[in-house]
Amino acid sequence: MKFRQVHLDFHTSEAIEGIGRDFSKQQFQEMLKTGHVDSITIFSKCHHGWAYHPTTANETHPHLDFDLLGAQIEAAHEIGVKTPVYLSAGLDERLARKHPQWLIRNQQEVISWTGDFMTPGYHQFCMNTPYLDVLAQQVEEVVKNYDADGIFLDIVGVRECYCQYCVADIRERGSDPRNLEDMRKMWEETYARYAKRMNDTVHTVKPGLPVFHNSSHVDRGRRDLAHVNTHLELESLPTGGWGYDHFPLSARYAQTLGMDFLGMTGKFHTSWGEFGGYKHPNALRYEAALSLANGARCSIGDQLHPGGKMDLATYTLIGEAYREVEAKEEWCQDTTGIADIALLSLEAASWAAGNGPIPQHNKHDTGAVRILLEGNYLFDVVDLEADLASYKVLILPDEIQITAQLKTKLDDFIAGGGKILATGRSGLSVDGSGFALDLGVTWQGVSAFRPSYLRPSFELPSLRTASFVIYTEGQDAVLSPGGTLLGSKENSYFNRDLFTFCSHQHTPSDLQEAGAGIAEGLDGIYVAWHVFEDYAVKGSLPVKEIICYALDRLLGNHKSLTTNLPAQGVTTLQAQPAFKRWVNHLLYASPVRRGEGVEIIEDLLPLMNTEVTLSATEQVKDVYLAPQNESLPFNQVDGNLSYTVPLWACHQMVVIQF
């Protein structure tokens, strides 16, 4: 898999003439060189349903008079650029109007994505219909006729559907479409059958050819879904709805799966299909570096103009980022992440508990990752299949109840010296009888007061101590024998109501202790609120500093990395065993909001004298900046390695050579 990929969208209406008329082999190659591109995903078939090459399995775009796909492959291969080929799998507007009976429908017979045929937009196909055979023929034709370097199938996944094919199928099985459990099982089987059919179709012709099935999100906790792919492409356009929190969360999970993966952002100011939209070059530089820092390779989304001419501004922009990536690749190959902390994803735990999917942008996972990033912790995001032995602390964020399977895993982890940080309802047994772990508290129930207050028994670095408001759901708990109280819960005088309200927002604390707010037991530390949700929604400084205090207390002297990097910085530590070295990635950028909810990175301010201390017991031979190859002074005393990076901006790699 290459490091510098472009995903070249080409969803082109039949109402536009002159398709590909401006395509030039020379100009195509020049733009790839300008962009420092080494792989480009190009189109066989778009969402409109048209093929961009001669075909018997589909229909060629009515205003294309040559083999555009073949010409692009020839041009790219001539200069050593790989060409994965894209087919829109879930959307095909040409066929949707011919065979609307093949479309996904909800229980009210409303179709997806666009709910009718009088509104502009695409319509999604059910793979439990004859459409699957049509798609397989289209894929087979491409793999047989073209020298594709991979197949990218888009808009697929486990989908809820009540079309008449699915209704007939479930009834033939002796069940009923009103039986949700049986329907979910059938939907899972439909996707598994689709994925196997596509993979078999490809690999019968070209064994080992890379295949990726894109659903725009890799479900944490569904390794079975991840492994239907040969590799992963993490679609995560920060300005396109994913935000800057999504990619680190997805990447820190993906790297634990042992699969090659890349991070996919876009050149757009907003998202896909934005012609004439460009993000700041500094944003693309940062986003590409963020992929490298998290063990990923890079992909940048673009959309080709219907005329077929590559856009100079776009490839100049991409080249700003990919020139730097090209210089850094040597230190980013075959890496494994080093982490002290494992965050058990709530999404993954929900799948494991049989509760089905929850929102991929759930506030609990997002808030936890945001605090871990801002606190400069080394962490992974894990599921219940992960080996926890190498981690020192496991975070259970907000709503993870302890099933029998999880209890066994936690017992082994704790027996090996690991510690737990549990918040909110996490740590409670599934039957609701109380905590399944020794966290120093006894559970009494959900707090009747919201918001309520936390008064730590320790001083916060920025705010000393006070009664700090926490907006999310709290739990009533009392200290257990042997538990250590680290902070008290306080209630307000009353909840805000018609006849009992005070001031503009919520009622102040009554300043009376109302049980344990933070406590420590033999197994770890407990915080009695959904604090990660609170941080995702409110971004409260006291919440972050309280969680950082708890994590530092649990880690003790076993923290692998400390740094004075500011909160908006990101640091990771990647090992390259084959080269006997570690690579410490330092990144810094400050996204700001422009317009309506669009996060922009524009200025990349230089940082001075960034101090880093690493736990390193093996003798270090050299510490140097990459790709500059400039040695840094360092000290290694009693298993601690220290160095200072004097001046850098955006992204700096520090190589520790053993």
Side-chain angles (χ1 to χ4, degrees), residues 1 3 231-232 234 247-263 288-298 325 327-343 369 372-373 375-382 386-394 416-418 555 557-563 565 569-587 610 612-629 631-632 634-636 639-643 645 651-658:
M1 204 166 72
F3 267 93
H231 65 285
L232 300 176
L234 306 183
F247 178 73
L249 175 55
S250 289
R252 295 317 312 143
Y253 176 66
Q255 197 176 23
T256 69
L257 301 180
M259 301 176 68
D260 286 337
F261 71 106
L262 56 80
L290 189 63
S291 283
L292 297 181
N294 283 282
R297 305 191 183 206
C298 307
V325 171
K328 297 170 181 175
E329 291 172 10
E330 176 183 342
W331 295 274
C332 301
Q333 298 179 21
D334 302 321
T335 60
T336 56
I338 296 174
D340 293 330
I341 297 169
L343 169 66
V369 165
L372 290 167
L373 289 171
N376 298 317
Y377 293 98
L378 300 179
F379 71 96
D380 285 333
V381 178
V382 301
D387 182 356
L388 301 178
S390 64
Y391 302 107
K392 299 158 189 172
V393 173
L394 175 67
L555 287 169
N557 296 324
H558 302 293
K559 194 173 182 180
S560 294
L561 182 149
T562 58
T563 177
L565 189 66
V570 172
T571 187
T572 66
L573 188 60
Q574 298 285 342
Q576 282 187 299
F579 299 95
K580 295 183 178 179
R581 66 193 180 202
W582 293 346
V583 182
N584 177 209
H585 292 262
L586 301 169
L587 297 97
T610 302
V612 179
T613 298
L614 295 176
S615 176
T617 55
E618 187 177 349
Q619 184 62 44
V620 173
K621 296 178 180 178
D622 192 15
V623 175
Y624 63 93
L625 302 177
Q628 301 97 317
N629 281 309
S631 288
L632 280 181
F634 66 93
N635 290 310
Q636 188 176 17
N640 289 314
L641 172 72
S642 298
Y643 50 85
V645 183
H651 179 221
Q652 180 62 62
M653 297 185 297
V654 182
V655 182
I656 298 93
Q657 187 70 57
F658 295 103

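All values derive from a computational prediction rather than experimental measurement.
Ring planes of Tyr624 and Trp331: perpendicular class, angle over 60° (limits at 30 and 60°).
Of the possible donor and acceptor atoms, one in the side chain of Gln636 sits under 3.5 Å from a partner among the backbone N and O of Glu618. Not a single donor-acceptor pair under 3.5 Å links the side chain of Asp380 to the backbone N or O of Val382. Using modelled atom types, one side-chain atom of Gln652 and one backbone atom of Ala626 make a donor-acceptor pair closer than 3.5 Å. A donor-acceptor pair under 3.5 Å is formed between the side chain of Gln657 and the backbone N or O of Phe579.
Contact between Ser291 and Gly263 at its shortest, heavy atoms only, is OG-CA, 3.7 Å. Minimum heavy-atom separation, Ala616 to Phe658: CB-CE2, 4.4 Å. Nearest heavy atom pair, residue Ala342 against residue Leu388, reads CB-CD2, 4.4 Å. When every heavy atom of Gln574 is checked against every heavy atom of Asn294, the shortest pair comes out as NE2-C, 3.6 Å. Contact record, Leu587 with Ala293: CD1-CB, 3.4 Å, taken as the closest heavy-atom pair. Minimum interatomic distance between Ala327 and Pro627 (heavy atoms only, all atoms of both residues): O-CB, 3.4 Å.
Partners of Glu329 by side chain to side chain donor-acceptor pair (under 3.5 Å), not counting sequence neighbours, listed by chain and number: Arg4. Partners of Arg297 according to the salt bridge (charged side-chain N to carboxylate O under 4.0 Å, His left out) rule, which considers only residues two or more places apart in sequence or in another chain, do not exist here. Every side chain to side chain contact (heavy atoms under 4.5 Å, CB included) that Asn376 has, sequence neighbours left out, goes to Thr563, Leu565, Thr571.
Looking only at side-chain heavy atoms (C-beta outward), Asp340 and Tyr377 stay at 4.5 Å or farther from each other. Between Phe379 and Val393, every side-chain heavy-atom pair lies at or beyond the 4.5 Å cut-off. Contact annotation: the side chain of Leu373 approaches that of Pro248 to within less than 4.5 Å [non-hydrogen atoms, C-beta and beyond]. Taking the side chain as every heavy atom from C-beta outward, Val654 and Leu625 approach each other to under 4.5 Å. The closest side-chain heavy-atom distance from Val381 to Thr256 is not below 4.5 Å. Between Ile341 and Leu372 there is a side-chain heavy-atom pair separated by less than 4.5 Å.
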request  = For side-chain hydrogen bond (donor to acceptor under 3.5 Å, both in side chains), just list the numbers for Thr613 and Ser642, CA-CA rounded to whole Å, side-chain angles, deciding distance to a tenth of an Å, and then say yes or no.
outcome  = CA-CA 4 Å; Thr613 298; Ser642 298; 3.2 Å; yes
query = Would Phe3 and Gln333 satisfy side chain to side chain contact (heavy atoms under 4.5 Å, CB included), going step by step from the backbone distance to the final call?
reply = CA-CA 9 Å; Phe3 267 93; Gln333 298 179 21; 3.5 Å; yes
task = Verify side chain to side chain contact (heavy atoms under 4.5 Å, CB included) between Gln576 and Val655, making sure each step is shown before the conclusion.
result = CA-CA 10 Å; Gln576 282 187 299; Val655 182; over 6 Å; no
ask   = How far apart are the C-alpha atoms of Val623 and Leu641, what are their side-chain angles, what is the distance that settles it, and do they pass the side chain to side chain contact (heavy atoms under 4.5 Å, CB included) test?
value = CA-CA 10 Å; Val623 175; Leu641 172 72; 4.3 Å; yes
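Atom CG of Asn629 sits in a crowded spot, with more than 12 heavy atoms from other residues, nucleotides or ligands closer than 6.0 Å.
Within the model, atoms CG of Leu378 and CG of Leu561 stand 5.0 Å from one another, a figure rounded to the nearest 0.5 Å. Residue Leu262 holds its CG atom at 7.0 Å from CG of Leu234, rounded to the nearest 0.5 Å. In this structure, CG on Asp622 lies 11.0 Å from CZ on Arg581, to the nearest 0.5 angstrom. With rounding to the nearest 0.5 angstrom, the NZ atom of Lys328 is 5.0 Å from the NE2 atom of His651. The NZ atom of Lys559 lies 12.0 Å from the CG atom of Leu614; values are rounded to the nearest 0.5 Å. If you take CZ on Arg252 and CG on Leu343, they are separated by 11.5 Å, rounding to the nearest 0.5 Å.
Of the candidates Phe634, Tyr643, Trp582, Phe634 is the only one forming a side chain to side chain contact (heavy atoms under 4.5 Å, CB included) with Val620.
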